[in-house]
Participant: 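Structure incoming, see below.
To find a chain, count down the sequence lines: A is the first, B the second, and so on, and within it residues start at 1. Just so it is clear, the values below take in all heavy atoms, side chains as well, and ignore hydrogens, waters and symmetry mates.
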Number of protein chains: 2
Amino acid sequence: MNVRLMNSNEKIAAVLASTLKLIQTNGFHGTPMSKIAQDSDVAIGTIYHYFPSKDDLIFALFKHCRTLLNDYIFDGIKDDFDYKDSFIHIWRNFVKFYLENGHIFSFFEQFFSSPYYEKNKAEIQEPVGGQNKVVDFLQEGIDRKILKQVDVHLLVASYIGVALSTVHSIKFKDLKFSEQNVEDLIGIIWDGAINREKNN
Amino acid sequence: MNVRLMNSNEKIAAVLASTLKLIQTNGFHGTPMSKIAQDSDVAIGTIYHYFPSKDDLIFALFKHCRTLLNDYIFDGIKDDFDYKDSFIHIWRNFVKFYLENGHIFSFFEQFFSSPYYEKNKAEIQEPVGGQNKVVDFLQEGIDRKILKQVDVHLLVASYIGVALSTVHSIKFKDLKFSEQNVEDLIGIIWDGAINREKNN
DNA sequence: TGCAACCGAATGAACGTTCGATTGATGAAT
DNA sequence: ATTCATCAATCGAACGTTCATTCGGTTGCA
């Protein structure tokens, strides 16, 4: 796919937007190319002009959404934030992003649990991806002895796992979204993550 | 579906087993009835004799797997366990179950992120399901002031979210499965969950 | 004039489901 | 003891639909 065209062309944007929208409601395989064409007002032939196959379209959509997420979660980190402030800010952004972009959350949930993801894992894991920025951030906390002295991937799993599970619960009505609840959750993951030898 | 027949008939068991197996590799929609019939050595017509549709088959498989999970995670809880022991034991069982039954984990991930789940949510949420046993167990910890005084669903989201995220990471090789890592993870979620006013 | 962008009817494969036929076990009737 | 009727269990070819993809053609810019 030609990235320049994808960005400059409204048709491509419309196709991606429609695909995202339709997948939330109808799922991966309940979203035929014909409906994408119809919803986006772009002819099937034109879609195939830009995306060699439906898989390529899904893949491009994934990369597009991942970029949005990565740009979002590290946004607004001030230089004068101490580590804990950043820890909280990033986590909050993470949850906020998914709540504000429910269609992306749905898409990611489906994408990551599909065998499609498993097949393309190698290509998906970027050397400088957003997930890795989270890894780097948490590793910094470990190195500075602020966080527990454990394998960073355990902290990543906890940090992200709680966020995803929270969004899922909110989406499916187990959980009410309120400022109090978000603060309580942050209390839970912060207390879990910090190095209790060094902090209160 | 007739439960008595499902349990007594080897064909039904074979169909469910094949479906589970094929879904892990090929996914929900990459598993046609024809392949299930072929793999399980049961004729398509016979499958439709027991399951009115493919959706019903998937649904029955879901209920079957959920029963297996629920039976597993609360197994081995001794009466002389104190609350923390039980908290850890159940969490450990949760992770162990999914690691030992990777095909069920795959199936659940796909099932819960599919629009299919969203459609049937009402029917899926049992009054006395296993997820609710976890809710009850964590609520007990709140009532006894052992856990944080927060909405129980926040603790459920954390408890389960970390477990799922952990299994996912192990499955996709970010994380090595070792006793040390499991102990560190338990440290993280326990520290996160406990009421720090009352505990050390 | 050339070439990329664009179009959508047509194609062929794959899928969920149906249905008419066959088997075999059960038990009532003779 | 034998026959027969019944019906659930079994089977898989066939049906109709849906879908991803193709392709021959048109448009419009450079």
Side-chain angles (χ1 to χ4, degrees), chain A residues 1-62 107 110-111 114-116 119-120, chain B residues 1-62 107 110-111 114-116 119-120:
Chain A
M1 287 135 300
N2 187 322
V3 173
R4 190 185 60 79
L5 284 170
M6 281 185 49
N7 289 340
S8 65
N9 200 310
E10 291 174 5
K11 283 185 194 292
I12 302 309
V15 167
L16 291 176
S18 291
T19 306
L20 195 53
K21 185 180 87 182
L22 292 169
I23 281 178
Q24 176 171 29
T25 328
N26 310 311
F28 234 53
H29 294 269
T31 303
M33 295 297 263
S34 57
K35 279 201 191 118
I36 295 172
Q38 190 183 339
D39 188 86
S40 63
D41 258 318
V42 175
I44 289 189
T46 307
I47 297 178
Y48 276 91
H49 182 70
Y50 292 103
F51 305 101
S53 70
K54 190 182 180 183
D55 277 2
D56 284 85
L57 168 57
I58 300 287
F59 201 75
L61 179 58
F62 167 72
F107 173 64
Q110 289 184 59
F111 184 84
S114 70
Y116 178 79
K119 303 278 196 268
N120 296 59
Chain B
M1 285 135 305
N2 186 322
V3 172
R4 191 185 60 78
L5 284 170
M6 280 184 52
N7 289 341
S8 64
N9 199 310
E10 291 174 7
K11 284 186 193 291
I12 301 307
V15 167
L16 291 177
S18 291
T19 306
L20 195 53
K21 185 180 89 183
L22 291 170
I23 281 178
Q24 175 170 32
T25 329
N26 310 313
F28 234 54
H29 295 269
T31 303
M33 295 298 263
S34 57
K35 280 206 189 111
I36 295 172
Q38 189 184 340
D39 188 85
S40 62
D41 259 317
V42 176
I44 288 190
T46 307
I47 298 178
Y48 275 90
H49 182 71
Y50 292 103
F51 305 101
S53 70
K54 191 182 177 183
D55 278 1
D56 283 85
L57 168 57
I58 301 287
F59 200 75
L61 180 58
F62 167 71
F107 173 63
Q110 289 184 58
F111 184 82
S114 69
Y116 177 80
K119 304 277 197 264
N120 296 60

Participant: Nearest heavy atom decides the nucleotide; on that basis, is A:Ser34 or B:His49 closer to the 5' end of DNA chain D?
Facilitator: B:His49
Participant: What is the distance, rounded to the nearest whole Å, between atom CG of A:Asp41 and atom P of C:dC6?
Facilitator: 13 Å
Participant: Can you identify which nucleotide, out of D:dA9, D:dA20, C:dC15, has its nearest atom closest to the B:Tyr50 side chain?
Facilitator: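 The nucleotide sitting nearest to the side chain is D:dA9.
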Participant: Over 60° means perpendicular and under 30° means parallel, so tell me whether B:Phe59 and B:Phe111 are parallel, tilted or perpendicular.
Facilitator: tilted
Participant: From D:dA20, D:dG12, C:dG16, pick the nucleotide closest to the side chain of B:Ala43?
Facilitator: D:dG12
Participant: Find the distance B:Lys54:NZ to C:dT17:P and express it as a whole number of Å.
Facilitator: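 In whole Å, C:dT17 P and B:Lys54 NZ are 8 Å from each other.
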Participant: In whole Å, what is the span from the CG atom of B:Asn26 to the P atom of C:dA14?
Facilitator: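 To the nearest whole Å, that distance equals 14 Å.
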Participant: Out of C:dT18, C:dC7, D:dG12, which nucleotide sits closest to the side chain of B:Tyr48?
Facilitator: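 Out of C:dT18, C:dC7, D:dG12, the nucleotide with an atom closest to B:Tyr48's side chain is C:dT18.
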Participant: Specify the separation, in whole Å, of atom CG of B:Leu57 and atom C1' of C:dC15.
Facilitator: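 Rounded to whole Å, this separation is 15 Å.
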Participant: Could you check which of D:dG12, C:dG8, D:dT10 has an atom nearest any side-chain atom of B:Ile44?
Facilitator: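 The closest nucleotide is D:dG12.
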Participant: Starting from the 5' end of DNA chain D, give me the residue, A:His29 or A:Gly45, whose nearest nucleotide shows up first.
Facilitator: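 It is A:His29 whose nearest nucleotide is closer to the 5' end.
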Participant: Using whole Å, report how far CD1 of A:Ile36 lies from P of D:dT18.
Facilitator: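 The distance from CD1 of A:Ile36 to P of D:dT18 comes to 17 Å, rounded to the nearest Å.
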Participant: Just how far, in rounded Å, is P of C:dC6 from CD1 of A:Ile12?
Facilitator: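 For the pair A:Ile12 CD1 and C:dC6 P, the rounded distance is 7 Å.
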Participant: C:dC7, OP1 or OP2 - any side-chain N/O from A:Lys11 closer than 4.0 Å?
Facilitator: yes
